[in-house]
Trainee: 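Supplied in C-alpha cells, the structure appears directly below.
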There are 2 protein chains.
Amino acid sequence: MRDYIENADFEETGFSYTLSLISGKYKMIILYCLMEYQPVRFNELQRYLGKISDKTLSQNLKELEKDELIHREAYPQIPPKVEYSLTERGKSLMVVLDQLCIWGTENRK
Amino acid sequence: MRDYIENADFEETGFSYTLSLISGKYKMIILYCLMEYQPVRFNELQRYLGKISDKTLSQNLKELEKDELIHREAYPQIPPKVEYSLTERGKSLMVVLDQLCIWGTENRK
DNA sequence: CAGCATCCTCTTTGATACTG
DNA sequence: CAGTATCAAAGAGGATGCTG
C-alpha cells in the first residue's frame with residue numbers, strides 16, 4: 001500500500017521551484033519572445049504580447065530580472081532605450097521550454 | 001533591420017498551444033502528481049495540492065480530460081471511487097515537463 | 001520611449017452547504 | 001467518496017494620466 005501523499009512532497013521538487021519562476025500569464029511568453037528576437041525593447045515586447053498593460057509588463061520584467069533569467073540594459077539617452085535579453089541561466093531554461101514548443105507543434109489538434 | 005514582431009507570431013507557435021493546455025495555477029501540478037503516483041484518487045490529489053477547493057480541482061480535471069491528457073476511470077460502487085491517470089498523450093507531455101523538474105533541481109538557489 | 005501611480009474591473013479561486 | 005451549486009473573496013490584470 002502506497003504512503004500518504006501530501007503537499008510537502010511537491011514543494012520540495014525542482015518542478016515546484018521552476019514553476020515559481022515562470023508561472024503567471026505572461027512570463028513564459030516573454031521568455032519565448034526574447035529567445036526568438038533578443039535583444040528586444042519594451043515596446044516590442046508589448047506589441048508581441050498583445051494587450052498587456054505597461055504595469056503588468058514592467059512588473060513581470062522586474063521579477064524575471066530578479067530571478068536572473070533576463071538581463072536589462074538601459075542606454076542613458078533621450079528618448080530612453082532599454083533592451084532585454086536572456087541571461088545564460090535564462091538560455092538554459094529556454095532549452096527546456098523550447099521542447100514544449102516542439103511538443104505543441106507535434107501534438108496540436 | 002528586423003521585421004515588426006507581433007502577437008500573431010506567437011499565437012501560431014506550438015508553444016502557445018501547449019501553454020493553453022497546461023496554464024493555470026494547478027494543472028501542471030496535477031499532471032506531475034499523476035506522473036509520480038498514478039493512478040490517483042480525487043481525495044489524494046486534493047491533499048497533494050494543498051488547499052484546492054473541490055470545485056477548482058474538479059474543473060481542472062475536466063479540462064485536462066477534455067484535452068485528453070488524463071483519463072478518468074469511475075468505479076460504479078458506493079462509496080464512489082474514481083481514479084485518474086495519464087493518457088499516452090499526457091505521458092508524452094510529461095517527458096518534457098519532467099525536464100523542468102530537472103532544471104529546477106540543478107538551478108535552485 | 002520606458003516607465004510609475006492610482007484606481008478600477010474581472011477572472012480565478014475559495015468557502016459553505018448539499019447530494020447520490 | 002466524489003462531486004455540484006451558489007455565493008463571496010482575492011489577486012491578477014487593465015485604463016488612464018503623468019514624468020524624465
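Residue numbers begin at 1 in each chain, while the letters A, B, ... track the order of the sequences.
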Trainee: Would you mind reporting whether A:Thr18 and B:Ile102 have side-chain heavy atoms less than 4.5 Å apart?
Mentor: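 Counting from C-beta outward, B:Ile102 and A:Thr18 never come under 4.5 Å.
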Trainee: Given atom CD of B:Gln77 and atom C1' of D:dA2, what is their separation to the nearest angstrom?
Mentor: 12 Å
Trainee: Which salt bridge (Lys or Arg N to Asp or Glu O under 4.0 Å) pairs, counting each pair once, include a residue from residues 24-35 of chain B, with sequence neighbours left out?
Mentor: B:Lys27-B:Glu63
Trainee: Evaluate the side-chain proximity of B:Glu6 to B:Glu11: yes if any heavy-atom separation is below 4.5 Å, no if none is.
Mentor: no
Trainee: Determine: side-chain N/O of A:Lys62 to OP1/OP2 of C:dC4, distance under 4.0 Å, yes or no.
Mentor: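 True: A:Lys62 side-chain N/O within range (under 4.0 Å) of C:dC4 OP1/OP2.
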Trainee: Check whether any side-chain N or O of B:Glu12 sits under 3.5 Å from a backbone N or O of B:Asp9 as a donor-acceptor pair, and report yes or no.
Mentor: no
Trainee: For A:Leu57 and D:dA12, give me the distance from atom CG to atom C1', rounded to whole Å.
Mentor: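 The distance from CG of A:Leu57 to C1' of D:dA12 comes to 15 Å, rounded to the nearest Å.
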Trainee: With each end axis built from five pairs of C1' atoms, what bend angle do you get for the helix from C:dC1-D:dG20 to C:dG20-D:dC1? Round to 10°.
Mentor: 50°
Trainee: Nearest-Å distance, CD (A:Gln46) to P (D:dG14)?
Mentor: 10 Å
Trainee: What is the separation between atom CG on A:Leu45 and atom P on C:dA2, rounded to the nearest whole Å?
Mentor: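 Rounded to whole Å, this separation is 10 Å.
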Trainee: Report the distance from atom CG of A:Asn43 to atom C1' of C:dC1, rounded to the nearest whole Å.
Mentor: 6 Å
Trainee: Using only side-chain N and O atoms of A:Arg41, determine if any of them is under 4.0 Å from OP1 or OP2 of C:dC1.
Mentor: no
Trainee: Could you give the side-chain donor-acceptor pairs of residues 77-85 of chain A under 3.5 Å, partners two or more places apart or in another chain?
Mentor:
from: A:Glu83; atom 1: OE1; to: A:Tyr75; atom 2: OH; distance (Å): 3.0
from: A:Tyr84; atom 1: OH; to: A:Arg72; atom 2: NE; distance (Å): 3.4

Trainee: Please report the distance, rounded to the nearest Å, between CD1 in A:Ile30 and C1' in C:dA2.
Mentor: 15 Å
Trainee: Less than 4.5 Å apart, side chain to side chain, heavy atoms only: is that true for B:Leu69 and B:Leu34?
Mentor: no
Trainee: Given atom CD1 of B:Ile70 and atom P of D:dA2, what is their separation to the nearest angstrom?
Mentor: 14 Å
Trainee: Applying ring-ring contact (aromatic ring centres under 6.0 Å, His included) as the test, list every pair that has at least one member in residues 9-33 of chain B; sequence neighbours left out.
Mentor: A:Phe10-B:Tyr32, A:Phe15-B:Tyr32, A:Tyr32-B:Phe10, A:Tyr32-B:Phe15, A:Tyr48-B:Phe10
Trainee: How would you list all residue pairs meeting side-chain hydrogen bond (donor to acceptor under 3.5 Å, both in side chains) that involve residues 99-109 of chain A, not counting sequence neighbours?
Mentor: A:Trp103-B:Ser92, A:Lys109-B:Glu68
Trainee: Report yes if a side-chain nitrogen or oxygen of A:Ser58 is closer than 4.0 Å to either non-bridging phosphate oxygen (OP1 or OP2) of C:dA2; otherwise report no.
Mentor: no
Trainee: Looking only at side-chain N and O atoms, does A:Arg72 come under 4.0 Å of OP1 or OP2 in C:dG3?
Mentor: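 For C:dG3, OP1 or OP2 has a side-chain N or O of A:Arg72 closer than 4.0 Å.
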Trainee: Need one value for A:Tyr75: base, sugar-phosphate or nothing, where a base atom within 4.0 Å counts as base even if backbone is also close, heavy atoms only.
Mentor: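 It contacts nothing in the nucleic acid.
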Trainee: Could you tell me the separation between the CG atom of A:Leu61 and the C1' atom of C:dG3, rounded to a whole number of Å?
Mentor: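 Going from A:Leu61 (CG) to C:dG3 (C1'), I get 11 Å.
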Trainee: Please encode protein proximity along nucleotides 11-20 of chain C as a string of B, S and -, counting only heavy-atom distances under 4.0 Å.
Mentor: --BB-----B
Trainee: Is it the case that the side chain of B:Thr56 and the backbone of B:Ile52 share a donor-acceptor pair, with hydrogens and angles ignored and the cut-off at 3.5 Å?
Mentor: no
